[in-house]
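Notes for the one structure printed next.
Note that the coordinates shown come from a computational prediction; the quantities given were computed from them, not determined experimentally. Quick note on labels: first sequence line is chain A, next is B, and so on, each numbered from 1.
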Number of protein chains: 2
Amino acid sequence: MTGKKDITIYDLARVLSLSPATVSRGLKDHPAINIKTRKRITDTAREMGYRSNSFASNLRMQKTHTIGIIVHELKSQFISSVLSGIEKITTEAGYDLIIGHSSESYRKETSNAHNLFHKRVDGLIASLAFDTTDMEHFDPFVKKGIPIVFFDRVEDFPYGTRVIIDNVKAGYEATAHLAAQGCRRIVHFTANLGRNVYAGRLKGYQQALADYGLTFDPALVMVNDLSEAAAIRAARQILSMNPRPDGVFATNDFFAAVFLQTLKENGLRVPEDIAIVGFNNDAISRIIQPKLTTINYPGEEVGEQAARSLLDQLTSPSAAVASAKEASARTTDTIIIRSELIIRDSSLHRKV
Amino acid sequence: MTGKKDITIYDLARVLSLSPATVSRGLKDHPAINIKTRKRITDTAREMGYRSNSFASNLRMQKTHTIGIIVHELKSQFISSVLSGIEKITTEAGYDLIIGHSSESYRKETSNAHNLFHKRVDGLIASLAFDTTDMEHFDPFVKKGIPIVFFDRVEDFPYGTRVIIDNVKAGYEATAHLAAQGCRRIVHFTANLGRNVYAGRLKGYQQALADYGLTFDPALVMVNDLSEAAAIRAARQILSMNPRPDGVFATNDFFAAVFLQTLKENGLRVPEDIAIVGFNNDAISRIIQPKLTTINYPGEEVGEQAARSLLDQLTSPSAAVASAKEASARTTDTIIIRSELIIRDSSLHRKV
DNA sequence: TTTGAAATTGTAACCGATTGCATTATATTT
DNA sequence: AAATATAATGCAATCGGTTACAATTTCAAA
């Protein structure tokens with residue numbers, strides 16, 4: 001640790017023959033400071049390479065200008081996009097991001113939540129882990145009135161904003177499209193049905209079946225972890241089924257792509273023998289052959305909205321407003337992001 | 001902002017009829033504190049829901065327990081993996097991450113660097129932007145002796161550790177493999193040759209050509225931004241060439257995949273008409289048909305090594321050691337991560 | 001010139017944790 | 001029991017920026 005000591009406002013004050021208070025005010029455009037003095041201050045601050053100490057400031061102000069993020073997975077194109085969207089908005093506003101990663105584990109999620117609370121983030125943006133059901137770990141934020149925005153994976157919780165898509169509608173459109181293409185036995189690959197996103201899509205799937213006069217067969221709803229290995233196993237299973245399904249709606253493009261690939265390797269034709277619809281509109285859906293019909297789930301947009309919503313709550317006058325009712329009204333919104341079906345070759349059934 | 005005031009060591013001290021100093025020591029297992037007193041302290045701290053104020057601590061200790069990260073892109077599987085690796089190691093050690101994102105822009109990179117310096121991160125992990133050449137924005141870190149670990153995209157810089165792969169060797173292996181398969185006209189798709197990674201791979205490409213008795217044709221080295229659009233353009237260009245190249249080494253799997261796909265759509269057979277090798281071993285390389293031969297570049301491993309190296313420097317006794325020479329010796333290492341060619345169908349040429 | 005309001009600047013007390021240097025309580029030795 | 005060593009705790013300054021309130025200066029109105 002070489003390096004001279006940092007310059008502080010006391011150093012500036014000494015050099016300028018002013019008080020630290022005046023320097024402090026001068027650096028932040030306090031109206032009471034004479035414009036000429038202010039200029040002297042900012043000039044010498046620049047010359048001497050002054051940088052303010054955010055700890056001292058945070059300590060005094062009880063604000064951190066930092067936003068905590070908890071994601072369930074980092075190695076995901078969707079999450080990367082969301083992060084990118086968040087980053088774009090928060091950086092403009094001068095906020096920093098601290099990222100926590102739950103790896104789909106409730107335990108790690110709680111530990112992240114505690115850590116971020118301890119770090120006194122000004123706000124939190126979170127997507128829940130696979131197996132999260134209780135929300136107790138967010139109570140400290142609630143008690144302190146620290147705003148939270150949940151996205152994608154959410155729970156019913158009487159606090160915070162939710163940024164989501166209409167999963168029921170998305171599931172409905174995907175399934176209805178397959179049905180409209182003539183599919184009669186449509187398998188649904190999904191994950192933990194306790195999670196809102198999967199529950200919603202399943203509901204849409206069922207509604208679409210009903211609307212198209214197809215009976216719902218619980219055996220065709222297959223739950224797994226949507227991993228590469230699971231996709232390969234799933235493909236094998238489908239190949240061995242009799243009668244074989246003629247349509248598949250998977251809640252994840254990566255899974256759908258591996259699944260599709262494995263079927264092809266085993267001689268099945270897509271979409272002729274089996275039509276496939278994925279979810280997310282990841283890059284892979286445009287590269288796999290045939291190109292994958294999917295639901296567009298714009299991650300960057302989700303991130304931007306989540307960040308904007310959080311910043312709104314941080315900078316709105318609510319802090320001053322006493323009315324908990326009003327604050328509560330503001331913080332219980334749900335923001336629905338538009339999602340839509342993108343039809344590509346993998347589902348264009350021509351069997352009739 | 002509802003919520004009672006936070007509990008401080010002063011509150012604990014009052015309740016326990018002790019001094020704040022004793023409480024502070026008790027909370028951190030200071031040996032001078034009686035074990036029974038310590039227990040009383042930690043117990044009531046738990047009961048009263050005490051959480052230490054990291055700003056006060058940071059202010060006093062001049063340490064943040066925070067690591068800054070600058071990446072050139074967030075929406076990349078490779079970078080996600082690296083982040084995941086970093087996160088794994090640093091979380092174990094109780095460090096937080098602040099993530100900055102340069103979007104391949106030198107300007108944003110400098111602004112991120114300044115911001116992270118200002119936030120007083122204890123250390124920095126960075127991968128340079130596309131167009132970064134000068135390293136002045138890292139000078140403040142150098143002057144203060146804040147350790148830096150660069151990964152992937154690095155520059156010659158007499159400070160900091162580098163975690164990289166042997167790009168020359170990787171480029172060589174990729175190209176030599178194509179040559180060994182009988183390719184005679186091998187195109188190399190790459191990006192800004194000012195960046196070490198691309199320069200190194202090109203060098204390996206040239207060496208392999210030489211070793212296999214092929215003449216180097218600068219016209220076959222094509223530089224672009226490796227985007228989806230560029231891949232499609234590239235494919236069109238290849239299709240129009242006469243004589244047509246019979247091998248392609250692209251420095252990015254995503255680009256290679258889109259390129260491959262576009263060629264197929266235009267009737268070219270891979271690998272019969274043209275053999276292709278990508279780079280990174282992204283998931284997409286295993287899904288595209290034919291599967292892509294590629295260089296395995298283990299991002300998670302890179303992230304873990306980078307984080308470990310940084311933590312070493314943060315916790316080593318170097319802080320106490322005066323010898324700048326010794327510190328400098330330690331901080332100029334380069335860590336080479338093993339990378340290797342993974343041969344798949346896209347390059348198995350059988351044309352003699 | 002006197003006077004009071006307005007414009008500037010200064011004083012000093014925070015924010016909460018840390019730690020060198022006492023000081024006090026306890027244990028050990030003679 | 002006195003003297004000394006040792007263990008345990010307290011005092012008070014410090015980190016750097018912020019801000020209520022006080023003090024001073026400036027300037028125009030009286």
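Across B:Glu109, B:Glu73, B:Glu104, a single residue satisfies salt bridge (Lys or Arg N to Asp or Glu O under 4.0 Å) together with B:Arg153, and that is B:Glu104. For the ring pair (Phe, Tyr, Trp, His ring centres under 6.0 Å) with B:Phe141, the qualifying choice from B:Phe150, B:Tyr159, B:Phe157, B:Phe117 is B:Phe117, the only one to do so.
For B:Arg120 and D:dG17, the CZ to C1' distance is 11 Å, given to the nearest whole Å. Look at CG on B:Leu59: it is 13 Å from P on D:dT14, rounded to the nearest Å. Atoms NE2 (A:His65) and P (D:dT18) sit 11 Å apart, rounded to a whole Å. Computed from coordinates, the B:Lys28 NZ to C:dG16 P distance equals 17 Å when rounded to whole Å. Atoms CE (B:Met61) and C1' (D:dG16) sit 16 Å apart, rounded to a whole Å. Rounded to an integer number of Å, the gap from A:Asp29 CG to D:dT19 P is 14 Å. In this structure, the CG atom of A:Asn34 is 10 Å from the P atom of D:dC27, given to the nearest Å.
Taking a 4.0 Å limit (strictly below) on heavy-atom distances, residues 37-58 of chain B reaches DNA chain D at B:Thr37. Within residues 8-27 of chain B, the residues approaching DNA chain C are B:Thr8, B:Ile9, B:Tyr10, B:Ala21, B:Ser24, B:Arg25, by heavy-atom distance under 4.0 Å.
A donor-acceptor contact shorter than 3.5 Å links the side chain of B:Thr64 to the backbone of B:Thr66. When atom types are taken as modelled, the side chain of A:Asn112 and the backbone of A:Lys108 share a donor-acceptor pair closer than 3.5 angstrom. Although no hydrogens or angles enter the test, the distance criterion places no donor-acceptor pair under 3.5 Å between the side chain of A:His30 and the main chain of A:Gly26.
A donor atom on one side chain and an acceptor atom on the other are found under 3.5 Å apart for A:Thr22 and A:Ser19.
Using a 4.5 Å cut-off on side-chain heavy atoms (C-beta onward), B:Ile335 and B:Ser309 make contact.
Position along DNA chain D of the nearest nucleotide to B:His30 versus B:Arg60 favours B:His30 as the more 5'-ward residue.
Applying the salt bridge (Lys or Arg N to Asp or Glu O under 4.0 Å) rule to pairs touching residues 9-22 of chain A yields A:Asp11-A:Arg14, sequence neighbours excluded.
Residue B:Gln62 has a polar side-chain atom (N or O) positioned under 4.0 Å from OP1 or OP2 of D:dG16.
For B:Tyr106 and B:His137, the ring centers are positioned less than 6.0 Å apart.
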